[in-house]
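For the single chain, residues carry numbers from 1 onward in sequence order. Atom set for the values below is all heavy atoms of this structure, side chains included, hydrogens, waters and symmetry mates excluded.
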Amino acid sequence: MPCSFVFQRELLCYLFVTFQARQINNECCEFLPWLQQKAGTEVSSVLSVGNSAFGRSLYASTAIHAGDCMLKVPYSVHLTSDKFPLEISPFIDYGVGSVSCVAVVLMAEQKLGMESRWAAYITSLPQMDEMHNTFYITLQIFWSEDDLQMISQSPVYKETIEHKANIEKEFFALKPALECFPQIFGDIRLENFMHACALVSSRAWKTSKGVSLVLADRDYDVGEPVMIRYGKFSNATLLLDFGFTVPNNIYDQVQLWMDVPSHDPLYAAKIELLNKHRFPRGTKSDGFNDARGPFIIKEVKSAEGKGKGIPQALRAFARVLSATSVKDLEEMALEAAENDGRLARRPLKNREREVHAHRTLLFRVERMVRDHDAAIKVLQSSVVSVDDTTLFVRRGMARDLLNGELHVLRSAHTWLANYCAALC
């Protein structure tokens, strides 16, 4: 499916991402009429664009009931990858992702200025200094290196660095072709490409050709702000992709990576067993090629329960790690073959090894708790002027992210400690 830079997400989400009030101008007031004119049909009879403390906002102009169609947008007005300039297509390596392709389309329309068929929409998009995504950080765009240090203890830091590397790779793959058409793109600069990619990634979704509908999931009174439901996302995802966080986010989670120490006498045998049972594999920022993960830890709501929130695959990995002989590994492989095929999903018969396996996790989580706690204390002790709006907002986001992850880590730590104590 093509990736569409569709209007309905922009209309419904921007009141969260601007964090500053704007005066209602003619372009804002004329946006919905322009969209309707371009679509050639009515797109909404129940919505209006206005201003709020958060910036531009969408309001119910009449009463809306759950299930009502609020917005109907034909595919013809979507800004999509199939609108990629035909002159450039032969020069492009189509290994480039769909987000980058739509970003190129957006850049071409931005170059046209008010002559663009999407000018009314494009001029309403956030400028670089209004974007708070951690996704793109180079050349002081969005989060600077100093800003990112506030979240260096979070896995989001590593994800941001990886995203940065990927987007730079795609830019330099596209740049030679784009530079051949200065009349379409003008000066090709990395920061402009990153800005376009951030706009697309925070607003686009995959869509099939046809009409896109947005339905109300609850009732709205006249004049009430209409907001998008982003989904059950952690602050890590919200910050990385959309540029905002939610205090006390109930969907917060933490990524945890593990690896088999290279000095382990059973290193080769353990790696072979893990590979055979398809344990997730990746590369950590410290360069270990046999890192396993990410394992996603969620809040463990019962300190005495079954440990729901700590992945069974993570506990299984710790049991493999605790093996001290080839026989131990063979017994785990045999048990998996005789049951559902999943490795080390049952408590080890040897209580001492079962405790050792979970203490390994306990110590790892304990270290992350200490690191997060220290990072939060640094944030709390630092003084930021309220006049520095950008840094003030980003410090708040960093605090939300770290506090949420710390809450999850502490819940996992409590359960692991209780589990080990019960076995001793």
Side-chain angles (χ1 to χ4, degrees), residues 1-14 17-18 25-40 43 49 56 71 73-92 94 96-131 133 135-136 141-142 167 170-171 173-207 209 211-212 243:
M1 292 183 184
C3 184
S4 292
F5 195 17
V6 294
F7 294 98
Q8 56 264 48
R9 173 165 288 193
E10 168 63 18
L11 281 169
L12 295 173
C13 79
Y14 49 40
V17 300
T18 303
N25 52 36
N26 289 334
E27 284 121 355
C28 185
C29 294
E30 294 173 358
F31 179 77
L32 282 176
W34 165 83
L35 179 58
Q36 182 167 308
Q37 181 183 17
K38 186 169 180 59
V43 296
V49 179
R56 296 163 298 176
L71 194 65
V73 186
Y75 184 80
S76 61
V77 300
H78 293 186
L79 199 56
T80 61
S81 54
D82 59 9
K83 294 179 175 64
F84 201 87
L86 295 177
E87 308 96 306
I88 306 171
S89 297
F91 299 89
I92 298 298
Y94 280 92
V96 172
S98 58
V99 168
S100 292
C101 287
V102 180
V104 169
V105 175
L106 177 60
M107 291 171 65
E109 296 298 329
Q110 288 173 325
K111 174 66 167 59
L112 290 173
M114 296 309 296
E115 295 181 7
S116 168
R117 293 174 296 168
W118 282 272
Y121 177 61
I122 290 173
T123 56
S124 74
L125 294 172
Q127 300 301 306
M128 290 186 188
D129 60 356
E130 296 174 326
M131 303 289 286
N133 315 52
F135 202 129
Y136 308 100
I141 301 299
F142 310 152
I167 206 68
E170 297 207 347
F171 170 75
L174 287 164
K175 186 180 179 183
L178 302 184
E179 287 180 330
C180 294
F181 301 91
Q183 71 279 14
I184 297 178
F185 299 103
D187 185 22
I188 306 301
R189 300 170 63 187
L190 175 59
E191 58 264 39
N192 293 337
F193 179 71
M194 296 171 78
H195 179 222
C197 285
L199 290 170
V200 173
S201 67
S202 61
R203 288 161 175 77
W205 52 52
K206 294 185 183 296
T207 181
K209 293 184 178 181
V211 176
S212 295

Between S116 and G113 (side chain of the first, backbone of the second, donor and acceptor by atom type, cut-off under 3.5 Å), is there such a pair? no
Can you tell me if E179 has over 12 outside heavy atoms packed within less than 6.0 Å of its CD? yes
Please indicate whether E115 has more than 12 foreign heavy atoms, meaning atoms of other residues, nucleotides or ligands, lying under 6.0 Å from its CD. no
Using modelled atom types and a 3.5 Å cut-off, is there a donor and acceptor pairing between side-chain atoms of E170 and backbone atoms of G97? yes
Could you tell me which non-hydrogen atom of S100 sits nearest to which non-hydrogen atom of I167, and how far apart they are? OG-CD1, 3.9 Å
Could you tell me whether the side chain of W118 and the main chain of H78 form a donor-acceptor pair under 3.5 Å? no
Nearest non-hydrogen partners of P176 and A173, listed with the distance: CD-O, 3.8 Å
In chain order, what residues pass the side chain to side chain donor-acceptor pair (under 3.5 Å) check against R189, with sequence neighbours excluded? E191
Where I188 and K175 come nearest, the two heavy atoms and their spacing: CG2-CG, 4.1 Å
How far does OG1 of T123 sit from CD of Q110, to the nearest 0.5 angstrom? 10.5 Å
Roughly how far, to the nearest 0.5 Å, is CZ of R117 from CD1 of I122? 10.0 Å
Here the pair of heavy atoms bringing V104 nearest to F193 is CG2-CE1, 4.3 Å
Output the distance between atom CG (L71) and atom CG (L35), rounded to the nearest 0.5 Å. 6.5 Å
All heavy atoms of D187 vs all of N192, minimum pair found to be O-ND2, 4.2 Å
Exercise: identify the closest heavy-atom pair between P182 and K111: O-CE, 3.9 Å
In Å, rounded to the nearest 0.5 Å, how long is the span from OG1 of T80 to OH of Y75? 3.5 Å
Please report the interatomic distance CZ(R203) to CG(L106), rounded to the nearest 0.5 Å. 10.0 Å
If you measure from CD on E109 to CD1 on I184, what distance do you get to the nearest 0.5 Å? 10.5 Å
